[in-house]
Trainee: 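Have a look at this one.
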There are 2 protein chains.
Amino acid sequence: MTTSKEQLEAILQKSLEAFVIIKKHSIQQRVALMRTIADEIEAIGPELIATAKAESNLPEARLTGEKARTIFQWRSYADALEKGAPLDASIDTANAERTPPKPDIRKTSIALGPVAVFGASNFPFAFSTAGGDTASAIAAGCPVVVKAHPGHPETSWIMAEAIARGVKKSGFPEGTFSHVYFETNEESQFLVSHPIIKAVGFTGSYRAGTALAEISAKRPDPIPVFAEMGSVNPVFLLPNKLEASAAELAKQYAGSLTLGVGQFCTNPGIVIAVESPALETFENALEEEIIKIAPSHMLHAGIAESYEKGCKKLTTQPGVEILAVTETEVLEGQGGATVATVSAQTFLNNDALQEEVFGPFALIIKCENIDEVISVGGKLHGQLTATLLATNEDLAENEELIGLVTDKCGRILFNNFPTGVEVCKSMHHGGPFPSSSNSQFTSVGSDAIKRFVRPMSFQNWPDEFLPEELRNANPLGIWRTVNNELTKEAL
Amino acid sequence: MTTSKEQLEAILQKSLEAFVIIKKHSIQQRVALMRTIADEIEAIGPELIATAKAESNLPEARLTGEKARTIFQWRSYADALEKGAPLDASIDTANAERTPPKPDIRKTSIALGPVAVFGASNFPFAFSTAGGDTASAIAAGCPVVVKAHPGHPETSWIMAEAIARGVKKSGFPEGTFSHVYFETNEESQFLVSHPIIKAVGFTGSYRAGTALAEISAKRPDPIPVFAEMGSVNPVFLLPNKLEASAAELAKQYAGSLTLGVGQFCTNPGIVIAVESPALETFENALEEEIIKIAPSHMLHAGIAESYEKGCKKLTTQPGVEILAVTETEVLEGQGGATVATVSAQTFLNNDALQEEVFGPFALIIKCENIDEVISVGGKLHGQLTATLLATNEDLAENEELIGLVTDKCGRILFNNFPTGVEVCKSMHHGGPFPSSSNSQFTSVGSDAIKRFVRPMSFQNWPDEFLPEELRNANPLGIWRTVNNELTKEAL
């Protein structure tokens, strides 16, 4: 089952051959390909959910929802492509009377080339083999080589076969999508440093993500590595809101923290608030919730072990006190909800307290006043999300804090919890380093396609040889910027 | 005049303070700032051109045109910002009836933070202190720290003072723009690795550009380095076109090659063609042109020296023959046009022949057949531009070659020459590595602003606290994507 380097080399050659052919396919053919792949995924029988459940310990309802999300990604990215959104097509027409004469220049977005995708363990469908990285790279016109996640290899195969059927049915070359499996870093190194690979999509740990970025940096031609590496997703509990609804917020927060055994890159692992009787109410209510939450099996034994270690490391730091732990016995392979508290001063002086503990672990940072809240906000590393539980008055009174928090994250929430990552154009899933390797691109939502294209200008190019999105007649009927004005009109 | 590290530290602190204030300024205030800076540059007296002429050896007419281009950059980027183009604002409205309920999510683009700009020697106005990097970073809302180019320090000061006047008049904080000067790499290292700096804009040599990228890669939080490093800009002379107008093409080509003593990053330094009687006609006509072109002074002595060395290195490679050299004596500090020829086989086996010789040097690669042309195309490094001198028939007959060349460049031209880089939305100035460090962004045209922003999502955020471009009423009157449809309408 392991792909050897020789096999990998042959697969990469096929990707390159496919790339040459895909370039000749129309945008509409690519849209049709994506829709066919979505149909193929939809048509997979119950063995998909059953296999994923066995491999990941994720419950059926969650996997059923994730399958629908995955299909929606393919379809909604196809819709975006059909509308031309990720192409950002623009035309500046010639002006022969200007001195010097102005040439005709037109710009669209073209595929970077074959892409290597490394999926995540926590979303075996939506962020893995047939996940958002693969869907957006295919939408961009890039052949994809997916490295199966060792946490769910059988699930990965089932998905890979569905994609391959879609590729075949749509008349695309076989090398459009390839599925490989290996367990050592040597092959990852070989793949990411291979001259045929032109970009990398990754979701996973900081360690693995930065390792891939380092391989790229050492290439004679460094390539973009889009690594989504997770974060602790701070929640700021602002005074007026806390005063008004401490107990209710605690209940909602406990739900978000422990959803899916806390196995989300957007899991809200840090709470920041000023000490007050209301904060005590929040803590008491949170304690009551946390002890009731029964532990569940985590994705695999390694993750449960890491979670236990991470909890132990953080809760044994000087000044950290455990507030609440699930009262049910935690069995091997399970993760039990754990909440600890620490003073802002202690947090500010110990960087280890910012480490992500992947699972249902939270640290409440207790500040003496709002200035300490600001100091903590300033000390935080880059985050995928930040949440403000606040009233409008709190927002009005904390302009400095909000400005600062905005600079630290890619998505900011008001009285919402970050665990749900909506698949839509307006979603940005990718914050400042180290939450992601490139804060300028999202890995969720149709704009994720933009990661795998680059702009390309055609100067004075004959109409009939232009990519269809740039032709005078606007045969795709898409929005284009013509002489700085958006229009769907033909030239 | 040299900025010490202590001074640099103080300047960076001021940039950070300015960043906090600029964030509170409206888009319209930023637009007004840019227009005021443009006016200030326009108002500079004749000392600007005189100083630049003395420092750069560039002729007055060229500098007058470049000043206008620089002003146009500020104004056209301000126009693009006013229209909201670089913000890519989008809104996905809530749907409480969906299971789970869909939250309201809105996305805009926010400034990365303070930006360090390293200008180029060959455009003392348009790609230097007040050039495109500075204009696009300011448009993005980023404070800028410009390192003056040692080739034109006085010109740089005059420009810096004009920008500072514009900043003051517009009520922006002093740290919005800073001008520093140093000559050793140590200070560059200090600047690019400083935690306050969040992005780098650079135009210059491959060596210096990759050195900056390496400094960034070693930061605890790597930052984007947008380095435009130049290329040899291949010109493909296709058979039908060559047959039809060899002598005329030679004349046009000689003009583009020697324009501005060849000191453009888009200078077309390589010609690729199949051997034929028409190619001989081209060569003879080119020879006739080249010998007539009188040498001129280059930007500074160092560049003239490098040019001489580069010419010597390339023309003494085995198999390289000199076709033509200017017949006028070349004085110290001048660059004389030089054209050499080499066979495709020799070119394919000697990577040194791809090195950029900055100046009016060209290498004609003579191929035995079109397959060799394709091989040469495949061997080329990443390029800012590629040019096809061709008929429509040539395009129709050479699909493979064109597909391959497209993958190697950021702008492809048909019967045009690449030396002019039009400032417009559709311009892409940035090709695959090593012509630039990031092929996904342009350094010319209003899309250059996108280099210095990142997407930011607001979830469930109260309307009155949203950035103005995302508010229900659409107070800026800009185009926004609302539930996947472009519209200017209010919600």
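Throughout, a chain's letter reflects where its sequence line sits, starting with A, and its residues are numbered from 1.
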Trainee: For a quick test of reading the model, state the closest non-hydrogen atom pair linking Lys488(B) to Trp479(B) and the distance between them.
Mentor: CE-NE1, 3.2 Å
Trainee: Below 4.5 Å from any heavy atom of chain B, which atoms of Pro224(A) appear? Answer side chain, backbone, both or neither.
Mentor: side chain
Trainee: Check whether Arg480(A) gets within reach of chain B through its side chain, its backbone, both or neither, counting any heavy atom under 4.5 Å.
Mentor: neither
Trainee: Heavy-atom pairs under 4.5 Å with chain B - which of Asn392(A), Ile402(A), Thr481(A) has more of them than the others?
Mentor: Asn392(A)
Trainee: Select one option (side chain, backbone, both, neither) describing which atoms of Leu388(B) are under 4.5 Å from chain A's heavy atoms.
Mentor: side chain
Trainee: Using heavy-atom distances under 4.5 Å, tell me whether Val453(A) contacts chain B through its side chain, its backbone, both, or neither.
Mentor: backbone
Trainee: Using non-hydrogen atoms only, which part of Leu486(B) is less than 4.5 Å away from chain A: side chain, backbone, both, or neither?
Mentor: both
Trainee: What part of Leu470(B) gets closer than 4.5 Å to chain A, counting heavy atoms only: side chain, backbone, both or neither?
Mentor: neither
Trainee: Side chain, backbone, both or neither: which part of Glu464(A) has a heavy atom under 4.5 Å from chain B?
Mentor: side chain
Trainee: Where on Glu399(B) is there a heavy atom nearer than 4.5 Å to chain A: the side chain, the backbone, both, or neither?
Mentor: side chain
Trainee: Under a 4.5 Å heavy-atom cut-off, does chain B meet the side chain of Asn438(A), its backbone, both or neither?
Mentor: neither
Trainee: Testing the basics here: between His381(A) and Asp351(A), what is the closest heavy-atom pair and its distance to 0.1 Å?
Mentor: NE2-OD2, 3.6 Å
Trainee: Identify which part of Thr108(B) has an atom lying under 4.5 Å from any heavy atom of chain A, answering side chain, backbone, both or neither.
Mentor: neither
Trainee: If you count heavy-atom pairs under 4.5 Å with chain B, which of Asn415(A), Asp407(A), Thr210(A) comes out on top?
Mentor: Asp407(A)
Trainee: Determine whether the aromatic ring centres of Phe226(A) and Phe452(A) lie less than 6.0 Å apart.
Mentor: yes
Trainee: Please determine, among Ala396(A), Ser437(A), Ser76(A), the option with the most heavy-atom pairs under 4.5 Å with chain B.
Mentor: Ala396(A)
Trainee: Chain B heavy atoms under 4.5 Å from Trp461(A): which part of the residue, side chain, backbone, both or neither?
Mentor: both
Trainee: How close do Lys107(B) and Met427(A) get, heavy atom to heavy atom, and via which atoms?
Mentor: NZ-O, 3.3 Å
Trainee: Which answer fits Leu112(A), side chain, backbone, both or neither, if we ask what part of it has an atom under 4.5 Å from a heavy atom of chain B?
Mentor: side chain
Trainee: Using a cut-off of under 4.5 Å for heavy-atom pairs, which of Gly430(B), Ala85(B), Ser426(B) has the most such pairs with chain A?
Mentor: Ser426(B)
Trainee: Could you look at Glu214(B) and say if it's the side chain, the backbone, both or neither that has a heavy atom under 4.5 Å from chain A?
Mentor: neither
Trainee: Using heavy-atom distances under 4.5 Å, tell me whether Lys23(A) contacts chain B through its side chain, its backbone, both, or neither.
Mentor: side chain
Trainee: Under 4.5 Å heavy-atom distance to chain B, tell me which part of Pro434(A) shows up: side chain, backbone, both or neither.
Mentor: neither
Trainee: For each of Pro418(A), Ala390(A), Pro432(A), Gly113(A), tally heavy-atom pairs with chain B at distances under 4.5 Å, and name the one with the top tally.
Mentor: Pro432(A)
Trainee: Which of the residues Ile91(A), Ile105(A), Asp92(A) is involved in the greatest number of heavy-atom pairs with chain B at under 4.5 angstrom?
Mentor: Asp92(A)
Trainee: Go through the atoms of Ala213(B) and report whether side chain, backbone, both or neither lie under 4.5 Å from a heavy atom of chain A.
Mentor: neither
Trainee: So which of Thr442(A), Asn483(A), Asp79(A), Thr406(A) has the biggest tally of heavy-atom pairs under 4.5 Å with chain B?
Mentor: Thr406(A)
Trainee: Considering non-hydrogen atoms only, spot the tightest contact between Ser436(B) and Gly431(B) and give its length.
Mentor: OG-O, 2.7 Å
Trainee: Of the backbone (N, CA, C, O) and the side chain (C-beta and beyond), which part of Phe458(A) lies under 4.5 Å from a heavy atom of chain B, both, or neither?
Mentor: both
Trainee: Sort Lys24(B) into side chain, backbone, both or neither according to what part of it lies under 4.5 angstrom from a heavy atom of chain A.
Mentor: side chain
